[in-house]
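These notes are about the structure you will find just below.
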Amino acid sequence: MLFRDKVVWITGASSGIGEALAYQFANQGAKLIISARREDELQRVKQNISSECLILTLDITDSTSLETAVNAAIKHYNKIDILVNNAGISQRSLVVDTQELVDRKIMEINYFGTINLTKRILPYMIANGGGQIAVISSIVGAMGFPLRSAYAASKHALHGFFETLQLELKPEHNIFITILCPGRIKTNISYNALNYDGSLYGKMDAGQEKGMSADICAQKILRAISQKKREVYIGGTDILLVYFKRYLPRLFYWIASRVKPT
Ligand SMILES: NC(=O)c1ccc[n+]([C@@H]2O[C@H](COP(=O)([O-])OP(=O)(O)OC[C@H]3O[C@@H](n4cnc5c(N)ncnc54)[C@H](OP(=O)(O)O)[C@@H]3O)[C@@H](O)[C@H]2O)c1
């Protein structure tokens, strides 16, 4: 029971990685808060969880809904031990075609929504004597990738924010940040990805279909959080691209411009 009686708040828990995280944290003894926009899907997830589980429906881009949710969470549990910032959406469009509304929407959800919730919970963690904050970035938080300009930018921005937060926190705060960077994981992310004009891409990519299961990804995320790792890459051969970018940049540009991006 790695997380017995820890209060764990997971955003984006209505599907995919967040849903898998909810089940695994519950199996490890955690008390949950699960959030997303779709209440019916959160109810479905809750039905599969036997431990204490509070549903807080929210749109992460809406500050009022975040404030209401944070107040409700603190009223219910009196503390948050672990925040898992997982909610996010992706993109499937070339830079040359992508409308500004898509760039802004992806930044609003993946970046501004995430940091807004984090900043609201941080003072409670400090007052409570500690906590952990995890953020689900992506391997494209460490490199560019075709058809993912706004998505990659939003994930890079999360690295800048959370690395800075970790540096600002003092040992006496007892707060640890873990940045998780999955490669392709088989979830609905490509269904929910945005086209150049903000419409839904609406299909399962062949690459996504072959990705790691959300359950295995969630297992690795729990291990990283329990070990208080700073940054972890999760996936198959796709994560090699990160190391190529760092150590063999010419090889990275050669491969990444030829990999099928869908
Ligand atoms: N799958 C991959 O290959 C992969 C790889 C690297 C990183 N990631 C990251 O993993 C995270 C989870 O993605 P996933 O693959 O599990 O995709 P997913 O199945 O589409 O799940 C996305 C989750 O985010 C929630 N969400 C979206 N917009 C929201 C909003 N405005 N407010 C609140 N919640 C919102 C969705 O819930 P509602 O629709 O109910 O609001 C859903 O629960 C994302 O941050 C993604 O970038 C995924």
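In listed order, ligands and their atoms are each counted from 1. The analysis underlying the following values was restricted to heavy atoms, covering all of them including side chains, and did not include hydrogens, waters or symmetry mates. Quick caveat, the model's predicted, so the values are computed rather than measured.
- Side-chain contact check for S63 and N116: at least one donor-acceptor pair (N or O, by modelled atom type) lies under 3.5 Å.
- Within ligand 1, counting atoms from 1 as listed, the ones closer than 4.0 Å to a heavy atom of S138 are 6 (C), 7 (C).
- Under a 4.0 angstrom heavy-atom cut-off, C217 registers as lying outside contact with ligand 1.
- Residue-level proximity to ligand 1 for I189 is carried by backbone and side chain together, each with a heavy atom below 4.0 angstrom.
- Atom NZ of K79 sits in a crowded spot, with more than 12 heavy atoms from other residues, nucleotides or ligands closer than 6.0 Å.
- S14 OG, 3.8 Å is the protein heavy atom nearest to atom 36 (C) of ligand 1.
- Nearest protein heavy-atom contact of atom 22 (C) of ligand 1 is G88 O, 3.6 Å.
- The closest side-chain donor-acceptor pair between Y201 and D205 falls under 3.5 angstrom.
- At a 4.0 Å heavy-atom cut-off, ligand 1 does not touch Y191 at all.
- L117 and I179 fall within a single hydrophobic cluster, where Ile, Leu, Val, Met, Phe, Trp and Tyr side chains are chained together by heavy-atom contacts under 4.5 Å.
- The shortest N or O to N or O distance between I109 and ligand 1 is not below 3.5 Å.
- The shortest contact between atom 35 (C) of ligand 1 and any protein heavy atom is with A87 CB, 3.8 Å.
- A parallel orientation is assigned to the rings of Y247 and Y243, their planes being inclined by less than 30° (bins at 30° and 60°).
- Atom numbering of ligand 1 starts at 1 in the shown order; those under 4.0 Å from a heavy atom of N188 are 19 (O), 20 (O).
- By the criterion of a heavy-atom distance under 4.0 Å, both the backbone and the side chain of N86 are placed next to ligand 1.
- Remark: R246 CZ is packed, more than 12 non-hydrogen atoms of other residues, nucleotides or ligands lying under 6.0 Å away.
- Counting heavy atoms closer than 4.0 Å to ligand 1, residue E41 contributes nothing at all.
- Under 4.0 Å is where a charged nitrogen must lie from a carboxylate oxygen, and between E19 and R44 at least one such pair does.
- Between the side chains of T98 and S93, a donor-acceptor pair is found at a separation under 3.5 Å.
- S199 and N195 share a donor-acceptor pair across their side chains, judged by distance under 3.5 Å alone.
- The closest approach between K155 and ligand 1 falls below 4.0 Å for a heavy atom of the residue.
- Closest to atom 18 (P) of ligand 1 by heavy atom, among S65, S35, S15, is S15.
- Closest to atom 8 (N) of ligand 1 among all protein heavy atoms lies Y151 OH, 3.5 Å.
- For ligand 1 and Q208, the ligand atoms under 4.0 Å from any heavy atom of the residue are 1 (N), 2 (C), 3 (O).
- Taking only nitrogen or oxygen atoms, main chain and side chain alike, I17 reaches within less than 3.5 Å of ligand 1.
- For N110 and Y151, the side-chain atoms include no donor-acceptor pair closer than 3.5 Å.
- A salt bridge links E100 and R104; the closest N-O separation between the charged side-chain nitrogens and carboxylate oxygens is under 4.0 Å.
- Side-chain contact check for T118 and N85: at least one donor-acceptor pair (N or O, by modelled atom type) lies under 3.5 Å.
- Residue R184 approaches ligand 1 through these ligand atoms, each under 4.0 Å from one of its heavy atoms: 3 (O).
- Contact atoms of ligand 1 toward D59: 30 (C), 31 (N), 32 (N) (distance under 4.0 Å to a heavy atom of the residue).
- Checked by atom type, the side-chain pair E108/T61 shows no donor-acceptor distance below 3.5 Å.
- Counting protein heavy atoms only, atom 14 (P) of ligand 1 is closest to T187 OG1, 3.4 Å.
- Of the protein's non-hydrogen atoms, the one nearest atom 41 (O) of ligand 1 is R37 NE, 2.7 Å.
- If you number the atoms of ligand 1 from 1 as listed, the ones under 4.0 Å from a heavy atom of I136 come out as 9 (C), 10 (O), 45 (O).
- The shortest contact between atom 5 (C) of ligand 1 and any protein heavy atom is with G183 O, 2.9 Å.
- Heavy atoms of other residues, nucleotides or ligands lying less than 6.0 angstrom from CZ of F145 number more than 12.
- Below 4.0 Å from some heavy atom of A13 lie the following atoms of ligand 1, by number and element: 43 (O).
- Here atom 20 (O) of ligand 1 lies nearest to N192 when heavy atoms of N192, L66, T114, I106 are compared.
- The shortest N/O to N/O separation between I60 and ligand 1 falls below 3.5 Å.
- Heavy-atom contacts from other residues, nucleotides or ligands closer than 6.0 Å to CZ of R258 number more than 12.
- With a 4.5 Å cut-off on side-chain heavy atoms, E39 and I55 count as touching.
- Residue contacts with ligand 1 include L58, since one or more of its heavy atoms lies under 4.0 Å from the ligand.
- Proximity of S137 to ligand 1, defined as any heavy-atom pair under 4.0 Å, is confined to the backbone N, CA, C and O atoms.
- Note: an N/O pair closer than 3.5 Å links G12 and ligand 1 by distance alone.
- P182 O, 3.3 Å is the protein heavy atom nearest to atom 6 (C) of ligand 1.
- Using a 4.0 Å cut-off to heavy atoms of G16, the atoms of ligand 1 that qualify are 16 (O), 19 (O).
- Other residues, nucleotides and ligands place no more than 12 heavy atoms under 6.0 Å from the CZ atom of R223.
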